[in-house]
Amino acid sequence: MTLNNDVKIKRVANVILAVKDLDRSLHFYHEIIGLPIKMQRRTWIDLGVSGGLLSLHPASLTAEHLGGSIDNGITIGFLVGDVRSALEELQEKGVRVYRDIVEREAGKNAIVYDPDDYLISLFEPNFKDKEQQTGGYHGFTPA
């Protein structure tokens, strides 16, 4: 089997989520999570600053929604500086928790639901070399 070298993928451009209510999802990802709006059109919203963007567009009214499974669905991951404070902040804003904080070798992780029951992973890495970690994190926002 030969590889086709014409593709030359450079990076992930965006993750596209089909959402039931564009305004409600925009409120969640922009106002609650804190992602900045990069570009907004009537039926498409790009969130983020650089790297891969999170793009929202209206879901089909007739197709089945298949997004909310940790085992075989979509999970969006966010790095946080302090998973406990991030989770508490989201719970205060009414966000539902799928799984509370679990500690693993790589770090701590909790999972919450977005308005369409997509799973959102909050991950606080456990850097063995403290020089790798950016100081000043609290919740979602690096200081």
Check: Ile45 and Gln40 side chains under 4.5 Å, non-hydrogen atoms: yes

Are Ile111 and Val97 close enough that some pair of their side-chain heavy atoms sits under 4.5 Å apart? no

Within one Ile-Leu-Val-Met-Phe-Trp-Tyr cluster: Leu119 and Val102, side-chain cutoff 4.5 Å: no

Under 3.5 Å, is there a donor-acceptor pair between the side chain of Tyr118 and the main chain of Ala18? yes

Taking C-beta and beyond as the side chain, do His27 and Ile32 meet within less than 4.5 Å on heavy atoms? yes

In the single-linkage hydrophobic clustering (I, L, V, M, F, W, Y; side-chain heavy atoms under 4.5 Å), do Leu53 and Leu79 co-cluster? no

Candidate list Val15, Val19, Asp116, test side-chain contact (heavy atoms from CB on, under 4.5 Å), partner Leu56, passing option: Val19

Nearest 0.5 Å please: distance from the OG1 atom of Thr43 over to the CG atom of Leu22. 8.0 Å

Salt bridge (Lys or Arg N to Asp or Glu O under 4.0 Å) assessment of Asp117 paired with Arg96: CA-CA 9 Å; Asp117 291 334; Arg96 295 177 299 132; 2.2 Å; yes

What closest approach, in Å, do Lys93 and Glu31 show between heavy atoms, and which atom pair accounts for it? NZ-O, 4.1 Å

Note, Tyr113 side chain near Val95 side chain (heavy atom, < 4.5 Å): no

Flag side-chain contact, heavy atom, 4.5 Å: Val83 against Asn109: no

Minimum heavy-atom separation for Asp82 and Glu124, please, with both atom names. CA-OE1, 3.5 Å

Can you tell if the side chain of Lys38 reaches within under 4.5 Å of the side chain of Leu47, non-hydrogen atoms only? no

Between His57 and Trp44, how do the two ring planes meet: parallel, tilted or perpendicular, split at 30° and 60°? parallel

I need the Ile76 CD1 to Leu122 CG distance, nearest 0.5 Å. 11.5 Å

Cut-off 3.5 Å, side chains only: do Ser25 and Asp114 have a donor facing an acceptor? no

Do you know which two heavy atoms are closest between Ala59 and Lys20, and how far apart they sit? CB-N, 4.2 Å

Using the side-chain contact (heavy atoms from CB on, under 4.5 Å) definition, which of the options Ile16, Asn14, Leu17 pairs with Leu54? Leu17

Side-chain contact, heavy-atom cut-off 4.5 Å: Ile120 with Tyr29? yes

Would you say the side chain of Phe78 lies within less than 4.5 Å of the side chain of Ile33, judging by non-hydrogen atoms? yes

